[in-house]
Chemist: 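Got a structure for you, written out below as structure tokens; questions coming shortly.
Just so you know, these numbers come straight off a predicted model, no measurement behind them. These values consider heavy atoms only, across backbone and side chains, with no hydrogens, waters or symmetry-generated copies.
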Amino acid sequence: LAIIAVLTATAAISAILALPARAGDYEVGSIQISQPWSQATPKGAAAGVGYMTLTNKGTVPDKVSCVSDDASAQCQIHTMTMDGGVMRMRPVEGGLEIKPGESVNLKPGGNHMMFVSLKHPLEQGQTVKVTLKFDHAGMIDVDYPVLAMGARPPGAGGSMMQGSDGAMHMQGGSTQGGGMMQMNKH
């Protein structure tokens with residue numbers, strides 16, 4: 001009976017390892033885009049967010065910019081920094097760099113994509129189509145599945161959600177204990 005259990009477990013692990021890359025992964029040039037996703041927003045929200053992991057498999061640095069999306073008037077990549085207990089958010093000028101052989105995570109509480117001036121609320125089950133431009137790898141359209149409001153990112157960690165008051169709130173992960181966020185417009 002123990003041998004059957006070991007063989008069943010081995011077969012299950014082999015089947016998992018043989019699976020192709022996730023259907024939501026993309027490649028353009030030497031850049032791999034993994035786990036793109038967004039969160040639902042409440043009615044009346046002015047902005048939404050998008051997250052992903054970018055991996056540069058090439059030998060030269062590349063920079064990514066958000067060109068457009070089908071849910072808002074403008075999309076931007078933002079950085080997040082802490083300054084005296086206040087979280088500050090501002091657009092990245094000139095694109096976000098991805099060094100050769102490295103990955104950059106756009107995630108709640110860190111760098112992220114911001115969908116500014118939403119045309120409509122982002123609803124769970126929908127998809128946001130985003131056009132990304134890489135300086136070297138080129139342009140690509142990426143679909144961002146919209147998960148529930150306050151959803152945890154694929155692979156765990158904390159989450160950031162937008163409340164009915166339109167403010168962004170931190171939840172879980174390393175952001176426990178609260179804090180404030182300020183958005184700097186440039």
Chemist: Report the distance from atom NZ of Lys107 to atom CD of Gln35, rounding to the nearest 0.5 Å.
Modeler: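 Answer rounded to 0.5 Å: 12.5 Å.
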
Chemist: Quick one: closest heavy-atom pair of Val116 and Ser72, and the distance?
Modeler: O-CB, 3.1 Å

Chemist: Measuring from atom SG of Cys66 to atom CD of Gln74, what distance do you get when rounded to the nearest 0.5 angstrom?
Modeler: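 Here the interatomic distance stands at 9.0 Å.
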
Chemist: Any chance you could measure Lys43, atom NZ, to Glu123, atom CD, to the nearest 0.5 Å?
Modeler: 7.5 Å

Chemist: Closest heavy-atom contact between Met80 and His112?
Modeler: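 What the structure gives for the nearest pair is SD-CE1, 3.3 Å.
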
Chemist: Using modelled atom types and a 3.5 Å cut-off, is there a donor and acceptor pairing between side-chain atoms of Gln39 and backbone atoms of Ala151?
Modeler: yes

Chemist: Short question: side chain of Asn56, backbone of Ser103 - any donor-acceptor pair under 3.5 Å?
Modeler: no

Chemist: Applying side chain to side chain contact (heavy atoms under 4.5 Å, CB included), run through Asp70 and Val128 and close with a yes or a no.
Modeler: CA-CA 6 Å; Asp70 64 359; Val128 178; 3.7 Å; yes

Chemist: Using side-chain heavy atoms (C-beta onward) and a distance below 4.5 Å, is Asp69 in contact with Tyr144?
Modeler: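 No - every pair of side-chain heavy atoms lies 4.5 Å or more apart.
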
Chemist: Has the side chain of Asn111 got a donor or acceptor atom that lies under 3.5 Å from a matching backbone atom of Leu106?
Modeler: no

Chemist: If you round to the nearest 0.5 Å, how far is CG of Leu54 from CG of Leu96?
Modeler: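 Between Leu96 CG and Leu54 CG, I get 7.0 Å after rounding to 0.5 Å.
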
Chemist: Please report the closest heavy-atom contact between His78 and Val92, naming both atoms and the distance.
Modeler: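 Closest pair (atom of His78, atom of Val92, distance): C-CG2, 4.1 Å.
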
Chemist: Going by heavy atoms in the side chains, are Arg90 and Thr79 under 4.5 Å from each other?
Modeler: yes

Chemist: Give me the atom names and distance for the closest heavy-atom approach of Val146 to Ala40.
Modeler: CG1-N, 3.4 Å

Chemist: What closest approach, in Å, do Asp141 and Tyr26 show between heavy atoms, and which atom pair accounts for it?
Modeler: O-CE2, 3.7 Å

Chemist: Do you know the tightest heavy-atom contact between Pro36 and Gly24?
Modeler: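 Taking every non-hydrogen atom into account, CD-O, 3.1 Å.
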
Chemist: Taking side chain as C-beta onward, heavy atoms only, is Gln124 less than 4.5 Å from Leu147?
Modeler: no

Chemist: Set out, in order, the CA-CA distance, both residues' side-chain angles and the distance that settles side chain to side chain contact (heavy atoms under 4.5 Å, CB included) for Val130 and Met113, then state yes or no.
Modeler: CA-CA 10 Å; Val130 177; Met113 203 161 2; 3.8 Å; yes

Chemist: Just verifying a value: how many Å separate Leu132 CG and Ile77 CD1, rounded to the nearest 0.5 Å?
Modeler: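 Nearest 0.5 Å value for the CG-CD1 distance: 6.5 Å.
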
Chemist: Would you call the rings of Trp37 and Tyr51 parallel, tilted or perpendicular, where under 30° means parallel and over 60° means perpendicular?
Modeler: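 If you compare the ring of Trp37 with that of Tyr51, the planes turn out tilted.
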
Chemist: What's the verdict on side chain to side chain contact (heavy atoms under 4.5 Å, CB included) for Lys57 and Ile31, showing C-alpha distance, side-chain angles and the deciding distance?
Modeler: CA-CA 6 Å; Lys57 296 179 177 181; Ile31 302 294; over 6 Å; no

Chemist: Are Thr41 and Phe115 side-chain neighbours, meaning at least one heavy-atom pair lies under 4.5 Å?
Modeler: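 SC-SC contact between Thr41 and Phe115 ruled out.
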
Chemist: Are the side chains of Ser38 and Pro145 in touch, meaning some heavy atoms are under 4.5 Å apart?
Modeler: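 Side-chain contact under 4.5 Å: no.
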
Chemist: Just by modelled atom types, is the Lys133 backbone N or O under 3.5 Å from a matching donor or acceptor in the Ser65 side chain?
Modeler: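 The answer is no, because no donor-acceptor pair under 3.5 Å joins these two groups.
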
Chemist: For the side chain of Asp62 and the backbone of His136, is there at least one donor-acceptor N/O pair under 3.5 Å apart?
Modeler: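 Checked: pair present.
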
Chemist: Would you say Met139 and Val67 make side-chain contact, with heavy atoms under 4.5 Å?
Modeler: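 Yes. Closest side-chain heavy atoms under 4.5 Å.
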
